[in-house]
Each structure stands twice: as C-alpha cells, then as structure tokens.
Amino acid sequence: MPQEEHTASMRDERYNPEQVEKKWFERWQQDSALYAAEPHSTKPKYYVLEMLPYPSGALHMGHVRNYAIGDALARYMWMNGYNVLHPMGWDSFGLPAENAAISAKVPPREWTLRNVANMKAQMKRLGFGYDWSREVTTCLPEYYKWNQWFFLKLFERGLAYRKKSRVNWCPKCATVLANEQVVGGCCWRHEDTLVEQRELEQWFLRTTKYAEELLRDLDRLPGWPEKVRTMQRNWIGRSEGAQVDFRLDQSKRVADTFRRIVSRKGTVEQILIDRLTPDLVERVAELSQDATQLSMAFEEAFGLDLSKAEIDALQLALKDDVNISVFTTRIDTIFGATSVQLAPQHAITQKLAAADPELRKKVDQLIAEQAKARETGDIGNIEKHGVNTGHFAVNPFNGEKVPVWVANYILMDYGTGAIMSVPAHDERDYEFAKKYSIEIRQVIVPTKYGNGETGVPARRGGPGGPPLHELPFTTLDGKLINSGKFTGLTCDEAIQKMPAFAEQHGFGKATVTFRLKDWGISRQRYWGTPIPMVYCEKDGVVPVPEKDLPIILPENVEITLAGGSPLQRVPEFMNTTCPKCGGPARRETDTMDTFVDSSWYFYRYTDAHNDRAPFDSKIAGYWFGEKGIDQYIGGVEHAILHLIYSRFWTKFMRDIGLIKNDEPVERLFTQGMVIKDGAKMSKSLGNVVSPDEMVARFGADAARMYSLFAAPPDRDLDWQETGIEGIQRFLGRVYRFVSRNSSVETQVPTSPNQTLQATSLPPEARAIQRKLHQTIKRVTDDFQGRWHFNTCIAAIMEFVNELYSQTAVGERASSPAIAGSLLADLQRNLVLLLAPFAPYLAHELWEMLGEKANLLKAPWPKYDPELAKEDELEIPVQVNGKLRSKIVVAPGTSEEEIKQKALADEKIQSYIAGKQIVKVIFTGKLVSIVVR
RNA sequence: GCCGGGAUGGCGGAAUUGGCAGACGCGCUGGACUUAGGAUCCAGUGCCGUAAAAGGCGUGCAGGUUCAAGUCCUGUUCCCGGCACCA
C-alpha cells in the first residue's frame, strides 16, 4: 500500500492549467477544421452568433463574457448532435483607426489588421471554438464591395437618397452622426462631447419605409428580451392621430404688404392704415385674381396708384394660400384649440419672419435657445416661451380665428412641426397659455376621476378638487362639450369620427406619425466604405455601374480630422469620368456609416468567399431558415443601433428576393456589463482587468468559467479577484478527483448507453449516482431554458463536493467491478458536463479517462428520471405557519398516512397538545397544521 | 415625466408554479495533514439569544390576501438602464 500511496500522490499533483492549456492549444491549432460547420448535413442546423467586435487592439472582459456564453452554447449544441455554425469576424472600419493614424502615424489598414491578428490570437488562446474559415473582415474590399452593391440596389429602389438637412455633427469625430448615434445630446463614442447641428447634404437610407413593419414584427419576436423590444418600440415611436389644416388667415399678410407699399410711397398716413379692416382685406383678396381689378380697387380705396411690381407683390401675398398643417393625437379637443404653435424652424415661421424684421429677431433667438438646450442636454426642461406672430389661423372645425405663435418647445422634426394648442386638455399647452394669458377653453368633461374604483387620483382636480364640470384642466377622457355637432360624444368616438369628417371636407385626415427618422449614412471620414456615386456636371448624380465595383478605398491617404473627408484631398480618387457621358466627374468622397457593415455581416458568414454575390441565397436560406439566427448574443448597448439597422436590412434583402426570412434573429440574448468595484471598467478609473493577465495567472478555463459563474449572464457582473481564485480551486479539485481515481483498476469500460441498475448499489453509491442524474438534469434544463450558467456551475460544484465527501465510492460498492464502473461513469459524466464551460480541462481529463472519441462531439449525457429519484422524502411540518418538525417517508406514501405521521410526531405533539385542530393540509411537499 | 429592470447574510449570488429563505462561491473561524502552507482535506458560519439547547427575529419600507408570501395585491422609498416638451 505505501507504494500505491506514493503513486497516488505523484498523480495528485496540482493542476497546472498553463501546461495543459498549452498542450491542447497546440493540438487545436493543428486542426483547422475542428469547429467547421458542415455545408451539407442531415443534422439539424444551429446558428449561434456573438456580436463581432471592433478590433480596438485587445479583448476586454466584456468580450470574454460574451464569447464564453456563446461558446458554451455552441459546445452544448455540438454535443447534442447539431450542425453548428459558430463564426467570428471583425467590424473593422471606423474612426479609432483614423485616430491611431494621426497619433501613431500608422496607416489605418495596418493598424486594424494588426489588432485583428492580436485579438484573434487571444480568442484562440481562450479556447473559443470558431469556424475561422468563414472569418469576415469588413474593411477588406471583398466584403465592402457588397456594401456598395447593396447601396446601388437601395438607390435603384429609391431607398437611398440624397438631401440637405439638419444633421448631428460630432466635432471630435469630425463627422455626421445618425440619430441613433446621439446619446443624451452627446456623441455615442465621446460621451462628453456635445453634438452640434449642421446643415449638410447627406445620403439617407429610407428606414422609415419599414417603420410600420419594424414595429409590428417586434410582437413576433418572443425570443427577444422585453427590454429590447420596448426600447425599439419607443425608438420607432408610432403615434396615431390626425393631421388638420389650419389655413393661415391672410389679413395681416396683406395689411403688411399694404403698409410696405404705402410707406415706400412716403405717404404714410395713420388713417390709411386704420382703414385696413379685415373686411376690406378680404374683399381685396377676392379681387386678387385679376390685376386690373385689384389695381382699381386699391386706387379707389386709398387713392394710390400702384406700380406693376407692387401689384405683383400684392398678388403674391394674397394668392399664397398658406396651410398650417398640425398633428394631434387629441383631435377630440380641437374645439378647445385657442392658438396654433409653430416650431421656430417651420417654413411658415420663416416666411412670416422674412416679412417682419422684429419677428425675425425673436425667432432667431428661439432657434438659438433650442440649439443651446439641445446641446446642454436639457431640452425637455427648457422654459417654455414663445412669440406671438400677430397672424391668425382658421380652425377648420369651427371657422374660428386663433393666434399663431412660435414657441421654443415645438420640435421641427416631429409630426408636422406645428400643433394646435389646447390649454384646457394638455399640460404643456396649459402652462404656455397661463404664461401668456391665452384663453383656456374646456371642451371635455371627464366621466370620472382617475382610472376606476381602485382609484388612481387624477393629477389635477382629483377627489376633493373642484366638481368635474368646473375643471380648468384635465387630460382625462370623458365627453365632449362646446364642440358643435360633436358635443356629447365620448373622446373615443370623437377620435374616430372627427378625422373622417375632416377628410370629407378636405382639411385633414387620420395619420400615423413616427419618431423614427431615415438613417443618415454619410460620414466625412476616410476609414469606411466609399459610397459608389459620381457627380457629373451634365448628368448630375450617377450611380457607379455594378461591374465597376468595388470602388477601392485608396491607401496612403493623409488623415486629419479637419476640413471634411480626407478623400477630398486625393485627386486620383476624386476625379473620375461620368459612367453615363464619359465626361469629367467627381466621386462622392463621403464614406458609409460603419453600421452598414454590421447590418448584414451574419449573412456573409454563411458563404464568406462568394465573389459573385454577397452570399448565395440557398446557403443563407439553410442557415437562417424561416426565423433567422437561432441565437444571437451581445451587449444591450446595441439594442437600438445595430439591431434596428439589421432588421431593416433583412427586410430590404427579403424584398429584393435574396432571403426568405423576415427577421434576422430569432432569439436574442443581451448579457450584462462586466464591472469592477461597482463601476464600468475604464482606463481613467484604473480598474481595467486584462484578459491576458487573467489567462496567464489562472488559465483560460478559469477566466471563462468565472465570467459565467459570478452572476446570471443577463445581469452586470462585478469582477472579484477572489472569485476567480475559487474557480481555479474548483478546477483543481475536479482534476485531482479524476486523475487520482483514473488508476487502472477503476477503468472498467462502461457502455455509455448502459445504465447501472439502481438496485444493485449500496446506499452510498446509490446516493452519488442519484446526485449525478440530478446534476445532469439541472445543467441540461438550464441550457434549454433560463441560461443561468451560474446555477449550472453551482450544481456541478455540488456534485463534485458530493464525490469528495463519498471519497471511497469504490470501497463501498458491493463488488469491485461495479464500483469501478460506477466510478468511471461518474467521472465520464462529470467531464461531459464540464465540457461547455472549461474545454481545456475537460479535454485533458477525457483523454486521461482513455476516451478516444473527440469530446467536442461526444454525446451530451442523458439523465434517467428513475435514477434521479429520491429513495425517501423529507417532509417539513408546519404548525400555524411555522416550521416545527420534519418527517421522513417513502415515496408513494398516501396523503392520509403522511398526515397521521405528522400529527404523531413527537415534536409536533408538543405544539398541538390540548389545542383544537382546525385543519391539516398536505401539499405534496409539506404538511401544514392549523390549530386554535 | 414615461417605459423597463432591480433591492435577499460581511461580499457575489441561490430559491422555474405561493410551500424548509440564504444553494454554490468568496471571506471569516476552527480542526487535520505538514519542517512549512498563501497547497490540500474536513467542519462551522443570517441576526438576537443560550454554557448548550429551547425560543424569537429576519428578503428596501408600510399595509393586505393566505394554513403558508422573497414570490400575489395596494401604496411607498431608493438604485440602475432606456426615452424624454413626441403634440
């Protein structure tokens, strides 16, 4: 025995992850096809994908966590016999490469590819099982050629267009940003940098064409987190309402024109201006069609002879039938509209201001205020104020003239940029009207306070407040009053009927407004996909013919952040010939937003080297099926940006017949952030944990496994050094158990399908066997459902603890042969359970156990419910709701018997003696006795 | 303001449907082994209480439903994330 002791202790050395991981790393390097998906397979397919990283230089812990989740799932699915597609790539266009070029004088391409190489090596070292034969690098022409191709397709269908508009500009990026890239008024990459507004000519993709579908299909994505769906819903911001045309009353415009003419003539007379009654203006307006009549009327009324030019000006003022189209979700309150409010940037505002220097000044001030508030991020708390234009607009429902104001809280880019103001039934309008003493006219009487009997009190006029019919203000639903023929209707009825009425009479209709805007994709930067467009003096905007793709991004370009796209300073690139007329032309020098690259990259993985098409429809069809990627995993920060763009792209690709699926991703998982000391890891806080260091100190398995163990994957994870030490200890424990007991005598081969008979085992052996099957069940269930890998791993730990506490499993078995085969069974299954989480160790132990088949594709263990069953049940007994005792019964004991046993229990007796038993409840899990 | 998510020991976190609160890990305490232990193994560890028991109290807070509530209902506080004058 001493000899054997010695042998055991030799084998019982500490687990050395460095050595073991190196060995397997090198073996895996040899086999490039190890993780390859099969192109043709009878197995069911499974596409698991993690969001591709930007090659910033090195992986961070967030990446490790993300990929550890995906890799565990991929391995689990391999072991379950699926044909798994698990690819990886690089979102490799983008500004950091340009910044590096400026600060380190390295060309962006070189910098990027160097980072790719480094990060790829890190991924391999971490043992992630990717099919590298499908690697996609978006900054290479073989990829971005297809961005250009898609752009042409979008252009052909009118889904890519060019317009001048107010856009977001990040001064640090020196480029335009999409709405989705503005976070709280700041740039998404520079959270301390306020975004400016600039007027620029830009390329847009018509994402709004799919607004309705993008919204509707969210309901068909039960596999997405509710949170993400809600965020997208809010972002798309569908709002049902009505658009109503308030005609601008011409009186003031005409009067102003008169005044101008009169004063130009140098014969300004107060009387004359006083004679300009609205009636007169209206009469003049009627005559405006005919210049001669107009001239005569003018002469008659004022004794003035007008020049031809003045007549023209007048006619223009009169003819211009100006509609102020407002958007409202509460058309039922329209009889309570007491003013119209315009955005300062509104075309009509501008028109009115052009004729009125005083107004011009004030409007410009409002614009400046808005811009400032937007920049400091407190648009939303900005103090409401505005300016009365002196003009009036006519409410088409009652013919009433209401004043037209310009206000700083009206947004040009939502709805029509104009509203009707109903102070009695809208909080903002109420505030505004009180400030400027605008009439507040009640047209709704709420039917009740709050939302029914349980009673959320109304915000104003709640119980104890004034009687309902005297409310000065309410946003509650009720019945219409003072609303002409609509009086008496409920709000709901009115919202149905009034738009129809408006449409009938040609001054409005029911409409739907979205918050979602078209996607501005032009970037005044170098390191991106060139937009394949040419500007010709003769032919205008001309698309580059498909056969000329790709338009290659030139190298050796001097990069600065000043003065627009660096490509403008590359004449060889910029100067070209027009594809239509052959004459001299200029290339578009803006590049595409990098979110274009990531909008469709996962299709490219399915057919990564296709040089005739972005991908083969059939192949993509196989992997995407009807519902898309089976499982997509990434950070929630892309909930809107990337995930809305890719949904748009998928719908477009479907519409041009490339694919059949409506949605790119069937199931989405968003993992939480990795934080340290309660804060996001950042260089400035000095709390960054480096994956390389963790791998060097604890091994890849420990780093990966800890990132799965420390918290449920959807929650934030606080990185604790002592925590990863615990995992390292656990892996050592597993290693020691298997290596110590893998001596020859226990190596009785067991067929994987043959289950040991429970009856043949003594109680201790049976206990550990039961624990095994319970563990398999727990781990398997978690993979199928909740993905709480922290509890999976905890279950495996419990199992290992049990193995240790029953150390001499072999000795206690009834015969050495059974002991040996039970032990082998336990070890084998332990390794299989561990394989998705700690692949290095699992492979090592698998080999140590003498297994020949590749662990990667070894069948996932099955649990036997019979073997997982408890031999005896422990039933807690409560008296009056408090736990007082426990009884032990055999499974299948009748309810009556259990109750009797509980009542007879000694401890229970002491609690119920002398009391009246009201009832005894057995729930299948516990007995509850109620006494009095 | 609106919409999501959360609050459980000294810490990270367990507790699929209302049914033994605190699994598992960390930390701490004690023991074993040892020349040594920052290795390993074993045991203990919510709080109060007790020599030990018994017992009592405990899932942000206040109520409620129930034989039974971390879990359901009502109200409320705080924290995190998203959106925000969206008409």
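What's counted below: heavy atoms across the whole structure, side chains too, no hydrogens, waters or symmetry copies. Lettering follows sequence order; numbering is per chain, from 1. Note that the structure is predicted; figures quoted are calculated from it, not measured.
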**Asked** For G9(B), is chi within 90° of 0 (syn) or not (anti)?
**Response** syn
**Message:** Using OP1 and OP2 only, check whether a side-chain N or O of Lys882(A) sits under 4.0 Å from C57(B).
**Reply:** yes
**Asked** With both distances under 3.5 angstrom, what nucleotide forms a Watson-Crick or G-U wobble pair with G30(B)?
**Response** C42(B)
**Request:** Using a 4.5 Å cut-off on heavy atoms from C-beta on, say whether the side chain of Arg330(A) contacts that of Asp426(A).
**Result:** no
**Fill in**
To the nearest angstrom, the CG-P distance between Asp716(A) and G5(B) comes to 15 Å
**Member of Val930(A), Ile912(A), Val927(A), Ile917(A) meeting the side-chain contact (heavy atoms from CB on, under 4.5 Å) criterion with Val879(A)** = Ile912(A)
**Prompt:** At under 4.0 Å, does any side-chain N or O of Arg729(A) touch on OP1 or OP2 of C41(B)?
**Reply:** no
**Request:** Using a cut-off of strictly less than 4.0 Å, decide whether Asn790(A) has a side-chain nitrogen or oxygen near OP1 or OP2 of A23(B).
**Result:** no
**Distance-only donor-acceptor test (3.5 Å): side chain Lys886(A), base C20(B)** = yes
**Prompt:** According to the Watson-Crick and G-U wobble definitions, with both distances under 3.5 Å, which nucleotide is paired to A7(B)?
**Reply:** U77(B)
**Asked** Whom does A23(B) pair with, Watson-Crick or G-U wobble, provided both distances fall under 3.5 Å?
**Response** none
**Asked** Which nucleotide in the list A87(B), G27(B), G19(B) gets nearest to the side chain of Tyr414(A)?
**Response** A87(B)
**Request:** Give none if G1(B) has no partner; otherwise give the nucleotide forming a Watson-Crick or G-U wobble pair with it, both distances under 3.5 Å.
**Result:** C83(B)
**Prompt:** Quick one: is Lys919(A) getting a side-chain N or O under 4.0 Å of the C67(B) phosphate, OP1 or OP2?
**Reply:** yes
**Base of C67(B) paired with side chain of Ser928(A) (donor-acceptor, under 3.5 Å)** = yes
**Among G13(B), C41(B), G27(B), the nucleotide that comes nearest once only the side chain of Arg733(A) is considered** = C41(B)
**Message:** On RNA chain B, compare the nucleotides closest to Ile793(A) and Arg428(A); which residue's is nearer the 5' end?
**Reply:** Ile793(A)
